[in-house]
Chemist: 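Sharing a structure below in structure tokens format, with a few things to ask.
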Protein chains: 2
Amino acid sequence: MQHEPSPQPTSARERRVTLADVAAGCGLSRATVSLVLRGSPLVRAETRARVQAEIARQGYVYHRGAASLRRRGSNAVALVVNDLANPFFAEFAAGVDAALAEAGYVLLLGSTGESPDRQQAVLTSLAEHDPAAVILSPAEHSDPARLHRVLAARLPVLVFNRALDRADAAAGWDFLALDNRRGARLATEHLLARGHRAIAFFGGHRDSSSCDERRGGYREAMAAAGLAPDPAWLIECAPTRLEAARHAGALFVRDPAPTAAICYNDAVALGLMSGLSARGRQAGRDFAVVGFDDIPEAAVAMPPLSTVAVAPRECGIAAARLVLARVRGDAPQASRTLVVPAQLRVRASSFAVPVSEGIPA
Amino acid sequence: MQHEPSPQPTSARERRVTLADVAAGCGLSRATVSLVLRGSPLVRAETRARVQAEIARQGYVYHRGAASLRRRGSNAVALVVNDLANPFFAEFAAGVDAALAEAGYVLLLGSTGESPDRQQAVLTSLAEHDPAAVILSPAEHSDPARLHRVLAARLPVLVFNRALDRADAAAGWDFLALDNRRGARLATEHLLARGHRAIAFFGGHRDSSSCDERRGGYREAMAAAGLAPDPAWLIECAPTRLEAARHAGALFVRDPAPTAAICYNDAVALGLMSGLSARGRQAGRDFAVVGFDDIPEAAVAMPPLSTVAVAPRECGIAAARLVLARVRGDAPQASRTLVVPAQLRVRASSFAVPVSEGIPA
DNA sequence: CTGAAAGCGCTTACAG
DNA sequence: CTGAAAGCGCTTACAG
């Protein structure tokens, strides 16, 4: 509850040019100038022009803080992500920024580094700036109750990317979800169409919602093809390159070993590819690999990585638009869940035809 | 001069909890509560505790807009970059964000997409939020005069990455520069140490300040080794992968052809590597290549690309710190130019041994 | 250590 | 189409 960092308390700084100065400069009242500023049709063109000339002459800059205070409501939207340096979130943020700018809103940014405590601190700090809305990609293990404590009830909130632990706790909040299930299904169907039958799901932690959903899509596609995945084909590991490389061997411990794997994400897929070559197998030739995310490296890997893309920039734009609709009050009353479609990008890593199985479709 | 996007003008919203409510709640004056909020030592511990309990009870959230208005000075810092989706700027922004958060400041973000007009609009919009300072990576061909028009004279400004056209126009603004010259010098020295003598400078446009500086470092190192670069070794092309691949042939038109190239940046280097293999040469074996930037792809290219890194995240932290020092008034009066050191990352692409020349050092 | 009063720069009814 | 007045939520001397 400290609000320390005192902004430089104006020493001998020259006085700021205010709306009153502009009004005085053209012999009008502040009210009239205010109307001009906000584009009101109540002011006649000639007056408007005079005011605008005076604004330019004096170098007046609108003080949105004062305006927001009076009108109760700012034109800032807060965005909180886990890590800006993650290309997925960077693209997402770029999309949000673009859509907000277009609508005349401004972006307040914070990042959590996946720490619920930092998330709380960041949201508190941003909330003090009275944003018109909040877009939040929650840190892992976020406590919805804590989030509610810092996010006022009347503030429109859009949760992105990760569902909150207890869905009911997010009642009233919109949710923009990636279509993890469908993406994994598409990837699995692609491998099935290429003739694979023994397909593993490789990497990720089962208890993460995204991993769970992707596994769900995988199971769906397998079931639809009349296949029951061997439990040994579901291999957990931390979603990093290094861990994936280390666990590659786990694919080949049972005898009818899988000929292909859907990976939790691209980092895992790339790690798996190195792990495979360390074992004398080559992705795209001896073993088929599909990732998830379509990170920039996917296209330039050797071989290029087939993967599932979710257009993060478009997500960002969609998120901003949804939230602005809420701010303007022209969104339906009930909270919404929007699902962003996932698309398959076929590249060389999934071209392999399994040796022991039939001809690809 | 329109300020259209009216925030939802508070319909039947419940009234906001204010400092006055908290004061009333514990039978104190607003002044006292304000002192508690700002951590003043003037209030005794028992009173402070009472206030804090009441704050929690009522769910009061500090209204920084009102405070900033009264105190004249916000705790927001504006950051304007060309493109957030560019990993270099994303890392930079992440660094700025981290350093600001640590100091209790908040980040206002905008992006220009390299358009001076959008830059002007974005800065205008951000300036209306009365930031304590601005960190600006200027769009190409920015007009310093226009920038001055929208950025008040009393606002601390830090220019990053790209020098403004007329240096004198940026008088009073700090500048955080990449050490392009030293980076290119290091890269050139590295190739010289490996025995190369005929070293090209490949890609980029001469009239860009960064290209000019990198060429300067290259020339310096060559001169220090007693070498005069053949003008035919200075090859211009747009700094993209595709253009670089197209221009690869230009390296081999003269007879004592270069055995190595310093590239303007990593995109150019990667393009050159494809261009080389299209001509039956392989980077790292028949020809040595060094890039600039250390983009994530550099490490996973085939062969991995030797390059010059500038730690964008650390740049971001440094930029934020410098700017905060200005805000607090504890920076030296005169504007400063800080140069971020460049570091060489040696990888396989520069392993080639020059054929016609002696043994590498 | 605490209270009463003025004021930051804007907007908003309300009159005219 | 324009003006006088009140007020958004806070901080800051100034007294006590």
Side-chain angles (χ1 to χ4, degrees), chain A residues 1 3-11 13 15-24 26-51 55 58 60-75 127-130 152, chain B residues 1 3-11 13 15-24 26-51 55 58 60-75 127-130 152:
Chain A
M1 244 3 97
H3 297 280
E4 291 279 9
S6 322
Q8 175 71 335
T10 306
S11 43
R13 265 184 204 170
R15 205 176 60 72
R16 173 182 187 107
V17 176
T18 74
L19 179 150
D21 298 316
V22 174
C26 34
L28 292 169
S29 77
R30 289 144 69 216
T32 306
V33 175
S34 176
L35 290 174
V36 171
L37 246 24
R38 318 214 349 278
S40 161
L42 297 181
V43 185
R44 74 159 172 261
E46 190 265 331
T47 308
R48 179 189 315 283
R50 239 170 69 212
V51 170
I55 282 172
Q58 296 200 29
Y60 166 72
V61 9
Y62 188 61
H63 192 307
R64 240 174 228 290
S68 298
L69 176 58
R70 182 61 235 260
R71 307 181 76 187
R72 298 188 191 78
S74 81
N75 78 140
E128 293 176 353
H129 283 266
D130 191 31
Chain B
M1 245 2 97
H3 297 279
E4 292 278 7
S6 321
Q8 176 70 335
T10 307
S11 42
R13 263 186 206 170
R15 205 178 59 73
R16 175 184 186 106
V17 176
T18 75
L19 179 150
D21 299 316
V22 174
C26 32
L28 292 170
S29 76
R30 289 145 68 217
T32 305
V33 175
S34 176
L35 291 174
V36 171
L37 248 22
R38 318 214 349 279
S40 161
L42 296 182
V43 185
R44 74 157 172 262
E46 190 266 330
T47 310
R48 180 191 312 284
R50 238 169 73 213
V51 170
I55 283 174
Q58 298 201 28
Y60 167 72
V61 9
Y62 188 61
H63 192 307
R64 239 173 229 291
S68 299
L69 175 58
R70 182 60 234 259
R71 306 182 75 187
R72 297 190 193 79
S74 81
N75 77 140
E128 293 176 352
H129 283 266
D130 191 31

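All values derive from a computational prediction rather than experimental measurement.
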Chemist: Looking only at side-chain N and O atoms, does B/Thr32 come under 4.0 Å of OP1 or OP2 in C/dC1?
Modeler: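 Looking at the OP1 and OP2 atoms of C/dC1, neither is under 4.0 Å from any side-chain N or O of B/Thr32.
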Chemist: Can you name the residues that form a side chain to side chain contact (heavy atoms under 4.5 Å, CB included) with A/Ala24, not counting sequence neighbours?
Modeler: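 Side chain to side chain contact (heavy atoms under 4.5 Å, CB included) list for A/Ala24, sorted by chain: empty.
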Chemist: Rounded to the nearest 0.5 Å, how far does CZ of B/Arg48 lie from CG of B/Leu35?
Modeler: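 Rounded to the nearest 0.5 Å, the CG-CZ separation comes to 9.0 Å.
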Chemist: Give me the one residue out of A/Val51, A/Ile55, A/Thr32 that meets side chain to side chain contact (heavy atoms under 4.5 Å, CB included) with A/Leu37.
Modeler: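 Of the listed options, the one satisfying the test is A/Ile55.
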Chemist: After noting the C-alpha distance and the side-chain angles of A/Leu69 and B/His63, does the key distance pass the side-chain contact (heavy atoms from CB on, under 4.5 Å) rule?
Modeler: CA-CA 9 Å; A/Leu69 176 58; B/His63 192 307; 4.0 Å; yes
Chemist: Between B/Glu128 and A/Asn75, is the side-chain contact (heavy atoms from CB on, under 4.5 Å) condition met? List the steps.
Modeler: CA-CA 11 Å; B/Glu128 293 176 352; A/Asn75 78 140; 5.8 Å; no
Chemist: Measure the CZ-CZ distance between B/Arg71 and B/Arg64 for me, rounded to the nearest 0.5 Å.
Modeler: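 Answer for the CZ-CZ pair, B/Arg71 versus B/Arg64, is 9.0 Å.
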Chemist: NE2/B/His129 to OG/B/Ser68 distance, rounded to the nearest 0.5 angstrom?
Modeler: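 Reported to 0.5 Å precision, the distance equals 12.0 Å.
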Chemist: Just the rounded figure in Å: distance from C1' of C/dG16 to CG of A/Leu42.
Modeler: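 Taking atom C1' of C/dG16 as the reference, CG of A/Leu42 is at 14 Å.
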Chemist: Which dot-bracket string describes DNA chain C (Watson-Crick N1-N3 plus N6-O4 or O6-N4, or G-U N1-O2 and O6-N3, all under 3.5 Å; [ ] crossing; | other strand)?
Modeler: |||.||||||||.|||
Chemist: Distance check needed: C/dC1 P versus B/Glu46 CD, whole Å only.
Modeler: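 So the two atoms are 11 Å apart, to the nearest Å.
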Chemist: Give every pair of a protein N or O atom and an N or O atom of nucleotides 6-10 of chain D that lie under 3.5 Å apart, one pair per line with the distance.
Modeler:
residue, atom, partner, partner atom, Å
D/dG7, N2, A/Arg70, NE, 3.4
D/dG7, N2, A/Arg70, NH1, 3.4
D/dC8, O2, A/Arg70, N, 3.2
D/dG9, N2, B/Ala66, O, 3.2
D/dC10, OP1, B/Tyr60, OH, 2.4
D/dC10, OP1, B/His63, N, 3.3
D/dC10, OP2, B/Leu19, N, 2.5
D/dC10, N4, B/Arg30, NH2, 2.1

